[in-house]
Amino acid sequence: MNKKVILLVEDNPDDEELALLAFKKGQVANEVIVARDGVEALDYLCGTGPYAGRDLTQLPQMMLLDLKLPRVDGLEVLRRVRADARLRRLPVVILTSSREEEDLMRGYDLGANSYVRKPVDFTQFVDAVRQLQMYWLVLNEAPPV
Amino acid sequence: MKAFARSIIETVRHPLLILDREFRIVAANGPFYHTFDTTPVDGEGRSLFDLDNHRWDSPPLRAALDGVVGRGGTVEDLEIAREVPRLGLRILAVNARQVQRDDDDVPMLFLGVEDVTERRRAADELQALNVELERRVAERTAELVATNRELAASNRELEAFCYSVSHDLRAPLRAVDGFSQELADTCADRLDEQARHYLRRVRNGVQRMGQLIDDLLKLSRVSRTELTRERVDLSALAAAVAAECRQREPGRSVTFVVQPGLVADCDPRLVRVVLDNLIGNAWKFTAKAPAARIEFGQSATSPPTFYVRDDGAGFDMAYQTKLFGAFQRLHTDRDFPGTGIGLATVQRIVRKHGGEVWAEGAVGRGATFSFTLSTPKAPS
């Protein structure tokens with residue numbers, strides 16, 4: 001059986017490393033694909049650009065999506081995912097520093113499954129990643145392909 | 001006919017004339033002869049256009065009068081400007097129509113002249129005033145639009161700034177915290193107690209910075225939130241805040257006294273922040289006492305004045321004015337942790353409501369924070 005991947009969309013290398021560290025601490029066995037901006041994320045999801053030819057029947061188990069991204073921002077990525085028949089059921093967790101109401105509302109309006117604010121405290125961050133993993137990779141029934 | 005016509009026109013105060021179809025005067029009333037310096041002897045039988053130094057002989061009047069007799073036309077308020085003896089340049093309104101006593105009678109021209117100079121001047125002035133008024137309204141509207149645009153622009157800037165603060169300033173903090181903890185974990189065997197102490201200090205600094213950023217964001221959010229007033233049960237709100245304090249630190253012995261039935265027309269979310277801060281402060285500054293008492297009540301009715309009183313650490317009244325400035329702190333972080341932004345936020349919210357907030361206290365004898373949530377009524 002194919003191991004489902006986690007798509008981490010994160011432009012900040014520190015946050016990327018910390019997230020990977022947190023996954024390791026949480027003993028997440030899934031492969032983590034890192035997209036460093038919205039275009040890369042959409043390339044992966046749609047099998048375009050460097051990901052041309054990827055087997056598109058395999059949706060990631062979840063996408064962790066930062067909001068502030070170069071080129072195409074997180075909300076736009078979310079909007080395009082929800083507008084795409086092949087991708088619309090993908091579990092999307094917004095993982096961001098922002099707690100601006102505007103971002104929360106727009107995130108949910110565009111169909112985010114969850115919104116998690118990155119805590120400054122690394123212990124809390126590890127804990128948050130652990131809980132996300134527990135919920136979305138173990139407890140939650142993924143949409144059928 | 002002539003006598004009949006004369007008897008009618010003599011009853012009117014405006015100059016009136018009856019002309020035959022060659023515009024010769026059949027009859028004119030006293031006011032006509034008087035106003036235009038003519039006599040019946042000079043006037044009757046002569047053409048109107050020959051009278052008074054030909055001053056009546058203007059193309060528009062001729063054209064208008066030509067269309068009346070035998071042609072079915074009328075002249076309605078035709079305004080002509082001309083010299084009038086003793087009065088100078090006047091605006092005259094001319095009205096004319098055909099009159100005929102019987103079908104077989106000769107049709108004649110009935111003509112009325114009215115001096116409308118004053119009316120016209122008043123109308124012109126009114127018109128000018130209207131134009132001026134419209135110009136000023138347009139000017140002020142333009143100013144307002146410009147000011148609005150500026151405000152919207154600076155608001156957008158503020159939004160962008162807050163967004164950056166919220167997003168960008170936290171990221172490096174997360175890195176400092178994460179990697180210093182990782183260092184403590186992965187290099188535990190190579191670090192001595194001193195090194196671990198420094199790492200703890202680094203992480204404490206990060207936590208404090210994170211708290212500062214969050215508090216600053218709350219403060220700025222207050223400025224950006226639009227005030228929506230509704231009837232709010234302040235007693236219930238205060239009780240809820242008190243319950244949360246207890247839940248956070250169930251071990252403490254604090255008596256809360258909340259006066260029941262207090263309501264105010266205010267923004268519930270913003271006033272929640274006020275009570276969070278004032279009751280939270282009271283909770284914090286009574287932490288060193290084995291038992292404490294915190295009250296919420298109303299101390300005056302006009303304008304309604306509410307207070308939060310505690311019997312905690314208090315403060316020196318000499319620093320009273322400094323209490324509400326951002327980052328102002330009267331205690332060390334070792335004694336009572338905090339960022340010094342809470343009361344600045346409280347003040348901003350209270351002022352947004354048109355109210356005031358002030359504090360009374362003494363070192364070691366507690367503090368009372370009072371606030372109003374409306375503009376005091378002007379003395380009538």
Side-chain angles (χ1 to χ4, degrees), chain A residues 8-28 32 34 36-38 64-70 73-78 94-107 115-130 132, chain B residues 155-188 196 199-226 228 267 269-270 272-273 339:
Chain A
L8 172 69
V9 192
E10 175 61 74
D11 67 315
N12 182 319
D14 287 340
D15 277 355
E16 175 192 330
E17 194 174 334
L18 290 173
L20 294 178
L21 212 54
F23 280 130
K24 208 168 77 187
K25 283 179 187 287
Q27 316 216 308
V28 176
V32 180
V34 181
R36 291 180 181 84
D37 62 37
L64 294 174
L65 181 63
D66 196 3
L67 287 184
K68 205 176 169 195
L69 296 167
D73 73 20
L75 289 173
E76 179 58 20
V77 171
L78 179 56
I94 293 178
L95 183 63
T96 178
S97 298
S98 164
R99 202 164 54 189
E100 289 294 286
E101 247 174 52
E102 180 73 19
D103 283 338
L104 274 159
M105 284 191 291
R106 287 177 61 205
Y115 190 112
V116 176
R117 195 194 189 204
K118 294 176 195 165
V120 165
D121 187 317
F122 186 60
T123 316
Q124 288 174 26
F125 186 57
V126 171
D127 197 45
V129 169
R130 200 194 324 269
L132 281 174
Chain B
N155 239 2
R156 269 196 305 278
E157 252 168 55
L158 190 64
E159 292 281 341
F161 173 75
C162 288
Y163 194 89
S164 302
V165 168
S166 138
H167 195 282
D168 298 348
L169 289 193
R170 291 174 62 90
L173 281 182
R174 219 167 20 247
V176 173
D177 190 68
F179 294 124
S180 56
Q181 181 169 353
E182 205 42 30
L183 186 65
D185 285 356
T186 55
C187 307
R196 279 193 295 274
L199 276 175
R200 275 196 301 275
R201 296 297 286 263
V202 168
R203 297 197 65 208
N204 281 345
V206 169
Q207 292 315 314
R208 188 164 165 70
M209 185 76 185
Q211 191 61 50
L212 273 167
I213 292 174
D214 281 353
D215 286 357
L216 267 181
L217 277 177
K218 273 186 214 153
L219 180 67
S220 86
R221 205 167 287 142
V222 167
S223 311
R224 292 178 287 149
T225 306
E226 228 169 273
T228 44
D267 187 304
R269 292 172 63 196
L270 290 178
R272 165 77 199 217
V273 175
T339 54

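A note on names: the letters A, B, ... follow the listed sequences, proteins ahead of strands, and every chain is numbered from 1.
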salt_bridge(Asp121(A), Arg203(B)) N-O dist < 4.0 Å: yes
Asp177(B) side chain vs Phe122(A) backbone, donor-acceptor pair below 3.5 Å: yes
Heavy-atom contact with chain B under 4.5 Å, split by part of Lys118(A): both
side-chain contact (heavy atoms from CB on, under 4.5 Å), paired with Arg174(B), selected from Asp15(A), Asp14(A), Asn12(A): Asp15(A)
Residues, nucleotides or ligands: over 12 heavy atoms within 6.0 Å of Arg269(B) CZ: no
Side-chain heavy-atom pair Glu17(A), Glu182(B) within 4.5 angstrom cut-off: no
